[in-house]
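What follows is one structure encoded as structure tokens, with my remarks underneath.
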Amino acid sequence: MSIKVGSRIFSPKIFTTLLTIVMIALLISLGRWQLRRADEKRVLFDSFAAGTDATQIIELGTAPLKRYQHIEAAGHYDQSRQVLIDNMINAGRAGYFVITPFALTGGGWLLVNRGWVPLGASRAERPAIPVADDTRRLRGRADHMPSPGIQLGARAELKPPFPVVAPFPSRNEIAGLIHESSFTSATDLVLLDAGEPDGYVRNWSAPGFPPMRHIAYAVQWFALALTLFVIYVVTNLRRDTAGGRGGAPGSSPP
């Protein structure tokens, strides 16, 4: 296939054309995926920002709440059956999230993330995470349990002694570990407010990159697609050397 463009000829090879089409389609697809991720993150970050607009009282029979809804609950902590979620990073340091069961005054349970604590000298040295069992009203945000990006291998069964160290346990796994089944359906987990007592490092925010980061990635993918197209055109556009100059055979230019 050849197309004359002024004094040049656009003459790409079939293989080069097909390869370029596939690569450009892939780059555009990646850019569109990042735009979708930006929309998802915008909803997530907006939900986090709007979470404190109102406070919902949590009881055993409370219906499921929106993620990041601000909550309040009355009851007491059970420090004897706590869980440390492993592989949590804060400011570049490894550590744990401290998950403490909370017995609701009217019956039932919920799980509270009391914040992040650093790893000790070794993983055999578990941090001291005491908490009083006095009756209190705690405040926080509804959230999901932390989850890994990729789950590798079979999950090990959680077993005492407490506090049990576990990599990304589900609420059901913790419920089985502490032998309690009556959990509120309001939320899987509560992120304890920074101003509440008996907590650790609590720099709560919506997870992942902000929406603008995904938009920036999308622009990069689209720019790569455009760059590839320009390279394809330039490398296949050649000077037309086969055409005559318009004079009679053997004649000389004036």
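Note that the structure is a prediction, hence the values are computed from the model and not measured.
Put simply, the side chain of Thr100 never gets that close to the backbone of Asp78: no donor and acceptor are under 3.5 Å apart. Under a 3.5 Å cut-off, the side chain of Thr227 and the backbone N or O of Ala223 do form a donor-acceptor pair. Using modelled atom types, no side-chain atom of Thr55 and backbone atom of Glu72 make a donor-acceptor pair closer than 3.5 Å. The backbone N or O of Asp193 sits less than 3.5 Å from a side-chain atom of Arg202, completing a donor-acceptor pair. Judged purely by atom type and a 3.5 angstrom limit, Ser170 uses its side chain to pair as donor or acceptor with the backbone of Glu173. Judged by distance alone, the side chain of Thr187 and the main-chain N or O of Asp143 form a donor-acceptor pair under 3.5 Å. Here the side chain of Gln82 pairs a donor or acceptor atom with the backbone of Gln79 at under 3.5 angstrom. Side chain of Arg114 to backbone of Asp198: a donor-acceptor contact under 3.5 angstrom is found. For Gln56 (side chain) and Gln69 (main-chain N/O), no donor-acceptor pair under 3.5 Å exists by modelled atom type. Listed for the Arg126 side chain is no donor-acceptor partner under 3.5 Å among the backbone atoms of Ala124.
Phe97 and Val131 are not part of a single hydrophobic cluster, where members link through side-chain heavy atoms under 4.5 Å apart. Hydrophobic clustering, with ILVMFWY side chains joined whenever heavy atoms are under 4.5 angstrom apart, keeps Ile231 apart from Ile24. Under the 4.5 Å side-chain contact rule for hydrophobic residues, Trp109 and Val112 do not share a cluster. Hydrophobic clustering of Ile, Leu, Val, Met, Phe, Trp and Tyr side chains at less than 4.5 Å, counting indirect connections, keeps Met145 apart from Leu138. Using a 4.5 Å cut-off between side-chain heavy atoms of Ile, Leu, Val, Met, Phe, Trp and Tyr, with links allowed through other members, Phe15 and Leu228 fall into the same hydrophobic cluster.
Annotation for Leu18: hydrophobic cluster partners, listed by chain and number, are Ile14 (ILVMFWY side-chain heavy atoms under 4.5 Å, direct or chained).
The minimum heavy-atom distance linking Pro12 with Asn236 is given by the pair CA-OD1, 3.2 Å. The two residues Asp133 and Tyr77 come nearest to each other via the heavy atoms CB-O, 3.6 Å. Taking all atoms of both residues into account, the shortest heavy-atom contact from Tyr200 to Ile129 is OH-CA, 3.2 Å. Minimum heavy-atom separation, Tyr96 to Pro127: CE1-CD, 3.9 Å. Heavy atoms only, all atoms of each residue included: Ala225 and Ile28 are closest at CB-CG1, 4.1 Å. The shortest heavy-atom contact between Gly140 and His70 is O-CD2, 3.1 Å.
If you take CG on Leu104 and OG1 on Thr184, they are separated by 6.5 Å, rounding to the nearest 0.5 Å. Distance check, rounded to the nearest 0.5 Å: NE2 of His144 to CZ of Arg171 gives 12.0 Å. Taken to the nearest 0.5 Å, the CG atom of Leu158 stands 11.0 Å off from the CD1 atom of Ile178. The CZ atom of Phe229 sits 9.5 Å away from the OG1 atom of Thr20 when rounded to the nearest 0.5 Å. Remark: Ile215 CD1 to Leu35 CG distance equals 7.0 Å, nearest 0.5 Å. To the nearest 0.5 angstrom, Leu60 atom CG is 12.0 Å from Thr105 atom OG1.
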Could you go step by step and tell me if Leu177 and Phe162 meet the side-chain contact (heavy atoms from CB on, under 4.5 Å) rule?
CA-CA 10 Å; Leu177 171 69; Phe162 292 96; 3.7 Å; yes

Taking it one step at a time, do Tyr68 and Trp204 satisfy side-chain contact (heavy atoms from CB on, under 4.5 Å)?
CA-CA 10 Å; Tyr68 303 131; Trp204 307 130; over 6 Å; no

Apply side-chain contact (heavy atoms from CB on, under 4.5 Å) to Arg136 and Asp134, showing your working.
CA-CA 6 Å; Arg136 67 182 73 202; Asp134 55 310; 3.0 Å; yes

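A cation-pi arrangement, defined by a distance under 6.0 Å to the six-membered ring centre and an angle within 45 degrees of its axis, is absent between Arg37 and Trp221. Both the sub-6.0 Å distance and the 45° axial angle are satisfied by Arg141 relative to the ring of Phe48.
Within the 4.5 Å cutoff, no side-chain heavy atoms of Trp33 are placed close to those of His214. Two residues are said to be in side-chain contact when any heavy atoms from C-beta on lie closer than 4.5 Å; Thr17 and Tyr232 meet this criterion.
Among Leu189, Ile99, Asn87, the single residue meeting the side chain to side chain contact (heavy atoms under 4.5 Å, CB included) criterion with Pro146 is Leu189. No option in Ile58, Asp188, Thr62 other than Ile58 meets the side chain to side chain contact (heavy atoms under 4.5 Å, CB included) test with Leu110.
Taking a cutoff of 4.0 Å between a charged side-chain nitrogen and a carboxylate oxygen, Glu180 and Arg81 qualify as a salt bridge. The pair Asp39-Arg36 fails the salt-bridge criterion, with no side-chain N (NZ, NE, NH1 or NH2) lying under 4.0 Å from an Asp/Glu carboxylate O.
Using bins of under 30°, 30° to 60° and over 60° for the plane-to-plane angle, the ring pair Tyr217/Phe209 lands in the perpendicular bin.
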